[in-house]
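Okay, so here's the structure we're looking at.
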Amino acid sequence: MNFVARLKKDLTGDAGARFVFVNNFEVERSWAVGEPKLPGAGISFAGATVNRMEEMGALLAGEGDLVVLKAPMDAAFAGYLARIGAADGTTLIAEHNDPDAMVTEDALNSPELLGRLRELADGNTYLMPLGISASEEALAKESGLPLAGSTAQICKAVNGKVFSRGLVDALGLRQVPGRVVHTVGELRDALTAQLALGGRVVVKESLGVSGRGMVVVEDERGANRLLRLIERRGADAPANLVVESWIEHAQDLNYQFVVSRTGGVRFETVKAAVLKNGVHQGHRFPVELPPVAARELAEAVEKIGKALHEEGFFGMVGVDAMLAADGTLYPCLEINARFNMSTYQSRIAEKFIPDGRHAIAATFSLKLQREHTFAEVEAALGDLFFTGAGDTGVLVNNFATLNAANTGEGSFHGRLYAICVGDSPEEALAVRTEAERRLAAMAGEDA
């Protein structure tokens with residue numbers, strides 16, 4: 001079975017079930033409503049751009065599946081995906097598109113789309129969101145389509161970093177030195193204790209996302225600056241923070257597994273962050289871990305998966321981990337019990353990256369002066385443009401985010417998501433580096 005069929009079997013009991021993918025990226029924004037925030041840690045990339053990441057679902061859906069989108073796909077991009085055989089599902093478009101709203105919210109405000117979803121209810125069709133919040137539960141109720149996952153309450157609970165840290169302790173897994181802070185009054189002692197161990201300290205909101213909702217404290221001066229801001233709330237004010245030592249020169253890992261409806265745990269993949277001159281380049285795969293670390297990771301998957309099922313959760317799980325410079329594995333920094341970027345690359349990897357090939361999942365950030373067409377992207381990439389199985393080069397897996405932030409009022413920041421494929425890790429990185437140079441030239445930048 002391919003990835004999607006395996007997922008259907010795990011979550012519904014039927015590999016032939018039909019999924020309606022609702023790719024509500026940064027569902028944490030919904031879970032975090034009303035939760036305490038760190039001062040100055042809530043700055044986000046343009047919501048309009050993040051919300052158009054939902055287009056990635058088009059490359060995840062299998063034959064017979066559907067994908068809800070905020071707007072129709074660019075015709076040239078859709079043609080490209082069809083040409084290389086990367087998109088097998090059907091798209092459904094929300095007729096109400098608020099650029100600053102997640103796709104689920106658009107769907108709830110689109111009567112025609114809701115009517116189409118109701119027509120799909122046949123007892124074997126399920127809503128498959130990236131993550132489940134109250135909005136996805138409302139969409140299930142309005143459409144009559146059951147969710148292929150746990151309740152919003154359970155999903156929010158197990159996605160918190162405070163929960164992750166407590167679970168790691170309970171399971172006896174290796175833990176990054178640190179502690180949980182429940183109230184503002186506890187933060188000063190926690191920072192003092194961690195700084196005394198030497199090195200930097202990171203303070204994280206329980207439901208922060210995408211590197212936001214966290215503050216890195218370099219020294220006592222930085223700690224006092226943060227404390228001055230947050231202690232204004234009063235010592236008894238809720239905090240729900242994790243305070244941890246920063247592990248220097250560690251290899252960032254992300255691994256993915258599935259917890260089935262019946263409690264089975266199935267490992268999928270592990271990926272490693274790629275840095276070049278200290279700059280994040282994306283995530284590479286496949287990854288070969290040292291034998292001891294590989295064994296410890298496999299054990300962690302089983303323990304974490306079973307514990308999550310005991311909490312009532314079933315579904316896709318992504319876990320952030322670290323491999324220290326001395327080979328020590330920290331198997332769980334945080335649990336993301338939802339789809340993650342690796343999920344959206346799964347069918348691409350199965351189809352286009354066979355054994356012996358290597359890839360880097362990359363994000364190209366560009367400062368643009370105007371909108372750019374997909375034809376311009378293809379022309380800019382030139383001989384690096386991925387054309388099908390067995391090819392090396394750049395496979396674009398999201399185009400909508402490139403122009404999503406354009407308001408027509410001057411320059412804007414765009415993103416292009418792609419998989420850079422090569423015959424070795426070095427070649428995949430070289431493809432990514434050259435692609436960045438060419439795309440920057442298209443935008444009129446110096447790479």
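These values consider heavy atoms only, across backbone and side chains, with no hydrogens, waters or symmetry-generated copies.
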Report yes if the side chains of [X] and [Y] come closer than 4.5 Å at any heavy-atom pair, otherwise no.
{"X": "V377", "Y": "F364", "result": "no"}
{"X": "E376", "Y": "M442", "result": "yes"}
{"X": "M56", "Y": "N23", "result": "no"}
{"X": "M53", "Y": "Y417", "result": "yes"}
{"X": "L253", "Y": "L329", "result": "yes"}
{"X": "V396", "Y": "L402", "result": "no"}
{"X": "F352", "Y": "I419", "result": "no"}
{"X": "M128", "Y": "D65", "result": "no"}

Between [X] and [Y], which heavy-atom pair has the shortest distance, and what is it?
{"X": "V317", "Y": "L308", "value": "CG2-CD1, 3.8 Å"}
{"X": "I132", "Y": "S150", "value": "CD1-O, 3.1 Å"}
{"X": "V20", "Y": "V68", "value": "CG1-CG2, 3.8 Å"}
{"X": "P129", "Y": "L147", "value": "CG-CD2, 3.6 Å"}
{"X": "A152", "Y": "E137", "value": "N-OE2, 2.9 Å"}
{"X": "K204", "Y": "V202", "value": "CE-CG1, 3.8 Å"}

Inset, instruction - Only one of L130, N51, V50 passes side-chain contact (heavy atoms from CB on, under 4.5 Å) with E26; say which it is. - result: V50
Within the side chain of [X], is there an N or O that forms a donor-acceptor pair under 3.5 Å with the backbone of [Y]?
{"X": "N336", "Y": "R338", "answer": "no"}
{"X": "T125", "Y": "A121", "answer": "no"}
{"X": "E350", "Y": "R347", "answer": "no"}
{"X": "R295", "Y": "P290", "answer": "no"}
{"X": "W31", "Y": "A157", "answer": "no"}
{"X": "K9", "Y": "M1", "answer": "no"}
{"X": "S206", "Y": "V162", "answer": "yes"}
{"X": "N398", "Y": "A400", "answer": "yes"}
{"X": "T104", "Y": "E136", "answer": "no"}

Once rounded to the nearest 0.5 Å, what's the spacing between atom [atom1] of [X] and atom [atom2] of [Y]?
{"X": "T392", "Y": "F386", "atom1": "OG1", "atom2": "CZ", "answer": "8.5 Å"}
{"X": "F412", "Y": "T49", "atom1": "CZ", "atom2": "OG1", "answer": "8.5 Å"}
{"X": "C155", "Y": "F314", "atom1": "SG", "atom2": "CZ", "answer": "8.5 Å"}
{"X": "N24", "Y": "L139", "atom1": "CG", "atom2": "CG", "answer": "9.5 Å"}
{"X": "L368", "Y": "N403", "atom1": "CG", "atom2": "CG", "answer": "6.5 Å"}
{"X": "F19", "Y": "L127", "atom1": "CZ", "atom2": "CG", "answer": "10.0 Å"}

Inset, instruction - Check the pair R6 / V258 against side-chain contact (heavy atoms from CB on, under 4.5 Å), numbers first and verdict last. - result: CA-CA 9 Å; R6 294 194 300 273; V258 181; over 6 Å; no
Legend entry - Candidate pair M102 and S133, rule side-chain contact (heavy atoms from CB on, under 4.5 Å), full reasoning: CA-CA 12 Å; M102 293 184 199; S133 71; over 6 Å; no
Legend entry - Steps toward side-chain contact (heavy atoms from CB on, under 4.5 Å) verdict (Q345, H283): CA-CA 11 Å; Q345 297 148 12; H283 283 84; 5.9 Å; no
Which residue pairs pass the side chain to side chain donor-acceptor pair (under 3.5 Å) test when at least one of the two sits in [range], sequence neighbours left out?
{"range": "residues 90-100", "value": "K70-N97"}
{"range": "residues 254-266", "value": "D10-R266, N254-D320, Q256-T343, S260-T262, R266-E268"}
{"range": "residues 52-62", "value": "R52-E54"}

Inset, instruction - Look at the rings of F385 and Y80 and say which category their plane angle falls in: under 30° parallel, 30 to 60° tilted, over 60° perpendicular. - result: tilted
Legend entry - Sidechain N-carboxylate O distance under 4.0 Å for K306, E310: no
Inset, instruction - State whether R357 and D423 are salt-bridged, where the test is any N-O pair (Lys NZ or Arg NE/NH1/NH2 against Asp/Glu carboxylate O) under 4.0 Å. - result: yes
Legend entry - Check against side-chain contact (heavy atoms from CB on, under 4.5 Å), L439 and E436: CA-CA 5 Å; L439 290 168; E436 184 171 47; 6.0 Å; no
Legend entry - With sequence neighbours excluded, residues passing salt bridge (charged side-chain N to carboxylate O under 4.0 Å, His left out) with E63: none
Legend entry - D14 vs T12, side chain to side chain donor-acceptor pair (under 3.5 Å): CA-CA, chis, key distance, verdict: CA-CA 5 Å; D14 183 2; T12 73; 5.7 Å; no
Inset, instruction - Could you list the residues that satisfy side-chain contact (heavy atoms from CB on, under 4.5 Å) with V168, not counting sequence neighbours? - result: L173, Q175, C332
Inset, instruction - Please list all pairs passing the salt bridge (Lys or Arg N to Asp or Glu O under 4.0 Å) test where one or both residues lie in residues 138-166, with sequence neighbours left out. - result: E35-K156, R118-E142, K161-E334, R165-E244
